Student: 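Here it is, the structure, as structure tokens.
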Amino acid sequence: MPSVYIKTYGCQMNERDSEAVASQLVAKGYTLAASEHVADVVLLNTCSVRDNAEQKAINKMENIAGDIRKHRPNVVLGFLGCMAQSRGQDLIDRLPDVDLVIGTQKFHRTADYLDDIFAGRSTKIVDTAAEQGSEGTIREHLLNGSTKDKAKAVTAFVSIMQGCNQYCTFCIVPYTRGEERSRSIADIVAECRQLVAHGVKEITLLGQIVTSYGRRRSNSRESKVEGREPEIPQPSTLGSRLLTAKSPFVQLIEAVHEIEGLERIRFTSPHPKGYGDDLVEAYARLPKLVESAHLPVQSGSDRVLKLMHRGYTRERFLEIIRKLRGARPGMGITSDIIVGFPGETESDFGETLSLCCEVEFDNAYLFKYSPRKDTPAAAMPDQIPETVIEERHARLLETINDIGKRKYDAFVGRQTQILVEGPSKKNSARMTGRTRCNKIVLFDGAERHRGQLMDVKITRTGSFTLYGDPAVVGF
Ligand code: 5AD
């Protein structure tokens, strides 16, 4: 059977989609290649969030087409995911070497389309159509035993929903990923149980806007097959000690929390407006929900937040942070920030800087604003010149790095629990794990530590990394 190499650009959702496609291909008999140079099929799973992510994938495909195809003319080339969705046939018009363009609701069709190409039934395939129930098709995992080089997985990502209805004015995601569609709690829990049965200890619930989980009804494929309505939870006050209703997302976390053998639950990406008191309270109540939150703030200026259509103010964001830290001291908080949104003045940018100092994020990912096709912000007046964006980006990066360094340095001398994930990618003599607050810890360990929850004493720090020693001698 042909071998396949999948290269992934962008977010954890894309990583997860690639894993599911790889697993579906393996189930059909395809093998996974170690690099594009030896593969019979090269698939690029793409990101559209900023122009440079798109350009990277296009350049890569150009290089592959020019180089690999010259020596091996029968290699099949394809684009998957967000850019495939937004550009469709244009990609083949521009890069005629490309055989396959598969959008975000069609990942599960990849194996069939490759079969068609290898059997000579089709030559060029573009499928970017919407598909009802596609939110339930990202479910297969590459677990231990399913491939040669994939060792026992300790952590896993589980897709709980697809799409986003927030329509932030800068963001292409609602157009590439479509409307919000959620899987049922029963379906998600069944997948999580299976993972835990295979030795997974930590699960990250994934979606473009996980805090909106279950707020819109959708028809999942598996439910239709079984001839019943999908079980999408409705907010209910029954059984809640709160005055406010428990959101479907919190109900989902509770259901996953009950799985025996599961040690840790994370999720990404949430929206700050989804941090109601029910979710804050869940942190205080559910010990497996680790004290870590990735809360994309995007800007510290109320004026810019409004232009972005974010749906919260600076003060409301700060209140959420206070409440979270009240519920769980030591909460690790990271964020995404856009620099140079149209109309961002020096004073708006100053508000972002001051917010970062006030919150003291453990880390924040900075994004230079990139106009995206058909988004409202792309047509807004006062687009910021690149030189200004560069200069603000450098200043903010310095602030974020300074704060991060202080926060990481504060761990030195402390004992903390980590879940050991496996050997470090950079230095296989070292093992790597994560604290509950999502900091990477490297230590001199061995394969036998994989999958263990262990206490380490932090001895020093690197750049957004901690180094530790096992706290129990002889561990
Ligand atoms: N330009 C720059 N950054 C963007 N992001 C989303 N859209 C854009 C854009 N047009 C960033 C946001 C989001 C992260 C995943 O990507 O900060 O949280």
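Note that the numbering runs from 1 along the sequence shown for the chain. Every value quoted in this text rests on a predicted model; they were computed, and no experiment measured them. Just so it is clear, the values below take in all heavy atoms, side chains as well, and ignore hydrogens, waters and symmetry mates.
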Student: Evaluate the side-chain hydrogen bond (donor to acceptor under 3.5 Å, both in side chains) criterion for residues Arg72 and His37: first the C-alpha distance (whole Å), next the side-chain angles of each, then the deciding distance (0.1 Å), finally the verdict.
Tutor: CA-CA 10 Å; Arg72 292 183 297 131; His37 304 289; over 6 Å; no
Student: Under the side-chain hydrogen bond (donor to acceptor under 3.5 Å, both in side chains) rule, what do His294 and Thr334 come out as? Steps first, then yes or no, please.
Tutor: CA-CA 5 Å; His294 179 68; Thr334 55; 2.8 Å; yes
Student: So, Ser299 side chain and Ser301 main chain: donor-acceptor pair closer than 3.5 Å or not?
Tutor: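 Indeed, once roles are kept as given, a pair shorter than 3.5 Å links the two residues.
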Student: Of the non-hydrogen atoms in Val101 and Gly88, which two are nearest, and what is the gap between them?
Tutor: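 In terms of heavy atoms, the two residues are closest at CG1-O, 3.8 Å.
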Student: Kindly assign one of parallel, tilted or perpendicular to the pair Tyr283 and Phe267, based on the angle between their ring planes and the thresholds 30° and 60°.
Tutor: tilted
Student: So, does Thr128 use its side chain to make a donor-acceptor pair with the main chain of Gln85 at under 3.5 Å?
Tutor: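 The answer is no, because no donor-acceptor pair under 3.5 Å joins these two groups.
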Student: Check Glu358 with Arg314, please: is the shortest side-chain N to carboxylate O separation under 4.0 Å?
Tutor: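 Counted as a salt bridge, because a side-chain N and a carboxylate O are separated by less than 4.0 Å.
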Student: Under 6.0 Å from the six-membered ring centre of Tyr5 and within 45° of its axis: does the NZ or CZ of Lys7 meet both?
Tutor: no
Student: If you measure from the Lys or Arg side-chain nitrogens to the Asp or Glu carboxylate oxygens, is any gap between Arg436 and Glu291 under 4.0 Å?
Tutor: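 Answer for the salt bridge query: yes.
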Student: Any Lys/Arg nitrogen of Glu254 or Lys246 sitting under 4.0 Å from an Asp/Glu carboxylate oxygen of the other?
Tutor: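 Salt bridge: yes.
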Student: Lys323: what forms a salt bridge (Lys or Arg N to Asp or Glu O under 4.0 Å) with it, not counting sequence neighbours?
Tutor: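 Testing Lys323 for salt bridge (Lys or Arg N to Asp or Glu O under 4.0 Å), a comparison that skips the adjacent residues, returns Asp277, Glu319.
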Student: Should Arg177 and Gln162 be marked as a side-chain hydrogen bond (donor to acceptor under 3.5 Å, both in side chains) after you check the CA-CA gap, both sets of side-chain angles, and the distance that decides it?
Tutor: CA-CA 7 Å; Arg177 289 279 176 170; Gln162 290 285 334; 3.0 Å; yes
Student: Give me each pair satisfying salt bridge (Lys or Arg N to Asp or Glu O under 4.0 Å) with a member in residues 102-116, each pair once, sequence neighbours excluded.
Tutor: Lys28-Asp112, Lys28-Asp115, Lys106-Asp127, Lys106-Glu131, Arg109-Asp112, Asp116-Arg121
Student: Has Gln383 got a side-chain atom pairing as donor or acceptor with Ala377's backbone, closer than 3.5 angstrom?
Tutor: yes
Student: Sub-3.5 Å donor-acceptor pair from the side chain of Thr176 to the main-chain atoms of Cys82, do we have one?
Tutor: no
Student: May I ask you to decide whether Arg69 forms a salt bridge with Asp99, counting only side-chain N to carboxylate O separations under 4.0 Å?
Tutor: yes
Student: Are Glu263 and Lys288 ion-paired here, with the side-chain N under 4.0 Å from a carboxylate O?
Tutor: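 Looking at Lys288 together with Glu263, the answer is no, because their closest N to O distance does not fall below 4.0 Å.
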Student: Run the numbers on Arg372 and Glu54 for salt bridge (charged side-chain N to carboxylate O under 4.0 Å, His left out), then give the verdict.
Tutor: CA-CA 11 Å; Arg372 308 313 294 132; Glu54 292 202 349; 3.2 Å; yes
Student: Looking only at heavy atoms, what is the nearest atom pair of Ser23 and Leu142, with distance?
Tutor: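 Minimum heavy-atom separation between Ser23 and Leu142: CA-CD2, 3.8 Å.
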Student: Do the ring planes of Phe118 and Tyr30 sit parallel (below 30°), tilted (30 to 60°) or perpendicular (above 60°)?
Tutor: tilted
